[in-house]
Amino acid sequence: MDFLIIDDEKSIRDAACYLIEEEGHYAEGASNSTDGLARLKEDKWDAVILDMNLGQESGLEVLPIITKAHPNLPVVMFTGMGTVKFAVESMKLGAVDFLEKPFARGHFISLVARLNKIRQMGRQIENLESQVEEARHASPNAIYESQSEAMISAMAVLNKAAATPATILILGESGTGKSMVARSLHERSPFASKPFVTVSCPSLSKELLQSELFGHVKGSFTGALKDHWGKVRAADGGTLFLDEIGELPMEIQPKLLRLLQEREYERVGENTARPANIRIIAATNRDLRAAVQAGEFREDLYYRLSVISVRMPSLRERPQDVLHFANHYLEFFAKQFRSPARQFSKAAESRLTSHAWPGNLRELRNVIERSVILGTGKSLEVGEFGPHVTSKPEVNGVTPVELMSLQELEDNHIRRIIDASGNLQEACKILGIDQATLYRKRKKLGLLKQEEKS
């Protein structure tokens with residue numbers, strides 16, 4: 001936590017800051033209300049301890065200014081004259097507690113612990129509100145329901161891994177639901193009651209990303225006006241989700257490797273090793289093996305991240321699931337927008353199943369949301385999907401099928417035949433190969449059932 005102590009007595013400020021930092025938090029002092037209010041405006045603080053008597057000023061006059069400008073910021077009052085009247089008055093004005101001066105060490109540490117608990121409860125409420133808000137705008141959990149062997153196999157691995165503290169690497173194209181899977185893993189883990197913290201690796205420069213991840217100490221770089229705890233500390237006891245880990249700068253990769261191996265880290269500008277009690281889930285749309293060979297990603301880090309590695313299949317690899325997802329999204333958005341119940345026309349269904357869906361589930365979700373908003377009839381028609389949803393989308397006059405390699409064509413064809421066939425014998429007959437050959441190809445594509453692996 002970050003504490004601001006507003007008190008005109010230097011000895012009190014110094015003693016309070018010392019005890020707070022001894023408990024593993026950060027504290028700064030301000031000698032008057034002008035300085036204190038300026039610090040509150042400049043930076044974000046987790047709690048304020050405010051003196052009742054600030055020279056010629058009254059802390060009871062400053063308290064309403066603070067609570068009005070920062071309604072969710074807990075303020076504790078310091079007083080040298082602890083009376084019931086003062087306590088009642090300060091509570092009415094928004095203080096969460098008060099402490100008499102001179103204070104005993106034990107009382108002060110108990111106060112810090114209570115404030116930390118208030119902060120943790122506030123974070124839990126924020127997480128719940130965030131989840132409720134996400135649920136309002138998210139699509140249903142249809143992503144986990146599938147008729148595709150590849151998806152069923154992937155989910156079987158994830159279901160087993162969810163209950164363990166193992167590091168998990170989720171691979172797959174953009175829009176295949178990697179972030180949703182990461183959150184689901186957290187919610188089904190022993191850490192579900194703790195924070196789920198996301199770091200988007202491509203979103204910041206390497207300097208800011210390092211600070212965002214591990215935190216920094218005051219003065220460690222230009223703009224570091226105070227100590228800062230990073231996302232590793234914020235995720236304590238819970239899950240740290242590293243989104244698009246393939247974009248992590250090489251300079252930061254050794255630090256992440258140390259976090260994974262030693263379960264410790266250092267803030268920027270600090271030489272103190274701090275323990276990290278977190279579970280790490282990472283995701284990327286890059287081929288990390290190729291990145292390792294190209295010297296763009298550390299091999300040792302790759303192996304540390306991929307203790308459990310699962311690939312989320314693209315939507316074009318799951319053609320039999322398209323209408324299933326589309327109908328789930330249709331029902332979801334009809335309820336969200338209070339639209340009348342609709343269904344897809346036969347032509348619309350045909351277009352949905354023939355489109356390549358390069359944007360995967362994200363693209364499908366957006367298309368269905370658009371069609372529900374703009375649709376007027378009892379059924380949704382092809383024209384309401386938008387001009388880019390075509391049966392044979394082209395890129396510079398070339399269809400996606402023509403842009404695939406021969407190996408990709410064969411892999412996709414095998415998946416489609418297996419999914420469409422009643423049994424493996426029928427699939428062998430259609431493909432013109434024997435069962436041993438089909439077994440080897442299914443093994444390569446990760447399509448073997450659990451009993452076949454043992």
Side-chain angles (χ1 to χ4, degrees), residues 1-33 35-37 39-40 42-54 59-60 62-63 66-67 69-82 86-87 90-91 93-127 193-195 197 215-218 225-238 267 270 272 274-278:
M1 289 184 68
D2 292 348
F3 288 80
L4 180 63
I5 315 296
I6 306 177
D7 195 303
D8 60 339
E9 295 182 61
K10 186 176 186 302
S11 59
I12 295 293
R13 291 198 310 272
D14 291 347
C17 288
Y18 174 80
L19 290 175
I20 287 170
E21 290 177 354
E22 198 174 49
E23 291 300 300
H25 304 290
Y26 175 76
E28 277 189 23
S31 60
N32 54 63
S33 64
D35 187 23
L37 293 173
R39 298 295 292 116
L40 283 169
E42 290 170 1
D43 290 308
K44 184 178 178 181
W45 301 89
D46 296 311
V48 173
I49 299 179
L50 175 65
D51 188 21
M52 170 64 177
N53 294 308
L54 292 169
L60 292 180
V62 180
L63 176 59
I66 295 175
T67 55
H70 310 275
N72 297 319
L73 182 64
V75 180
V76 174
M77 298 300 293
F78 261 158
T79 176
M81 47 179 186
F86 167 78
S90 62
M91 296 296 184
L93 291 173
V96 298
D97 208 340
F98 78 101
L99 188 66
E100 291 185 64
K101 296 191 296 184
F103 52 80
R105 176 193 178 92
H107 290 163
F108 189 84
I109 290 175
S110 295
L111 170 68
V112 172
R114 287 199 301 274
L115 289 172
N116 192 33
K117 189 171 183 179
I118 290 172
R119 176 181 179 242
Q120 290 174 349
M121 290 175 61
R123 282 190 167 183
Q124 290 178 357
I125 291 171
E126 286 178 5
N127 287 337
S193 62
K194 299 297 183 178
V197 179
H216 64 254
V217 296
K218 181 179 179 181
L225 301 178
K226 64 171 186 171
D227 283 15
H228 169 70
W229 293 102
K231 294 295 182 71
V232 173
R233 172 69 175 267
D236 185 54
R267 293 189 294 175
E270 183 180 58
T272 303
R274 300 180 182 276
N277 176 30
I278 56 173

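These values consider heavy atoms only, across backbone and side chains, with no hydrogens, waters or symmetry-generated copies.
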message: In the structure I gave you, are the side-chain heavy atoms of Leu40 and Ile66 within less than 4.5 Å of one another anywhere?
response: yes

query: Taking all atoms of both residues into account, what is the closest heavy-atom pair of Leu4 and Ala30, and its distance?
result: CD1-CB, 4.4 Å

- request: Give the ring-plane orientation class for Phe78 versus Phe103, where under 30° counts as parallel, over 60° as perpendicular and anything between as tilted.
  value: parallel

- request: Could you grab the distance from atom CZ of Arg105 to atom OH of Tyr18, nearest 0.5 Å is fine?
  value: 6.5 Å

field: Interatomic distance, Glu28 atom CD to Glu21 atom CD [nearest 0.5 angstrom]
entry: 9.0 Å

field: Verdict with supporting geometry, Val112 and Leu19, side chain to side chain contact (heavy atoms under 4.5 Å, CB included)
entry: CA-CA 9 Å; Val112 172; Leu19 290 175; over 6 Å; no

- prompt: What's the spacing between Lys44 NZ and His228 NE2 if we round to 0.5 Å?
  reply: 9.5 Å

query: Below 4.5 Å, heavy atoms only, C-beta onward: do Leu60 and Ser90 meet side chain to side chain?
result: yes

- prompt: Do you know the tightest heavy-atom contact between Met1 and Ala47?
  reply: CE-CB, 4.0 Å

- line: All heavy atoms of Ala276 vs all of Val232, minimum pair found to be CB-CG1, 3.9 Å

task: Taking all heavy atoms of Gly29 and all of Cys17, pick out the closest pair and write down the distance.
output: N-SG, 4.1 Å

- prompt: Tell me, do Asn116 and His25 make a side-chain contact under 4.5 Å, heavy atoms counted?
  reply: yes

- prompt: Asp51 versus Ile6: any side-chain heavy-atom pair under 4.5 Å?
  reply: no

Side-chain donor or acceptor of Trp45 paired with backbone N/O of Arg39 under 3.5 Å: yes

query: Between the side chain of Asp8 and the main-chain N/O of Asn32, is any donor-acceptor distance below 3.5 Å?
result: no

- prompt: Within a strict 4.5 Å, meaning less than it, do heavy atoms of the Trp229 and Arg267 side chains meet?
  reply: yes

- request: May I ask you to test the Leu99-His107 pair for a side-chain heavy-atom distance under 4.5 Å?
  value: yes

query: Taking C-beta and beyond as the side chain, do Ile49 and Phe108 meet within less than 4.5 Å on heavy atoms?
result: yes

field: Value rounded to 0.5 Å, distance of CG in Leu54 from CG in Asp35
entry: 11.0 Å

task: Return the minimal non-hydrogen interatomic distance between Pro195 and Ala235, and the atom names on each side.
output: CB-CA, 4.3 Å

query: If you round to the nearest 0.5 Å, how far is CG of Asn53 from CG of Asp7?
result: 9.5 Å

field: Shortest non-hydrogen separation from Ala95 to Met77 and the atoms involved
entry: CB-CG, 3.8 Å

query: What do the steps show when you test Ile5 against Ile20 for side chain to side chain contact (heavy atoms under 4.5 Å, CB included), and what is the final call?
result: CA-CA 10 Å; Ile5 315 296; Ile20 287 170; 3.7 Å; yes

- prompt: Less than 4.5 Å apart, any side-chain heavy atom of Leu115 and any of Val96?
  reply: yes

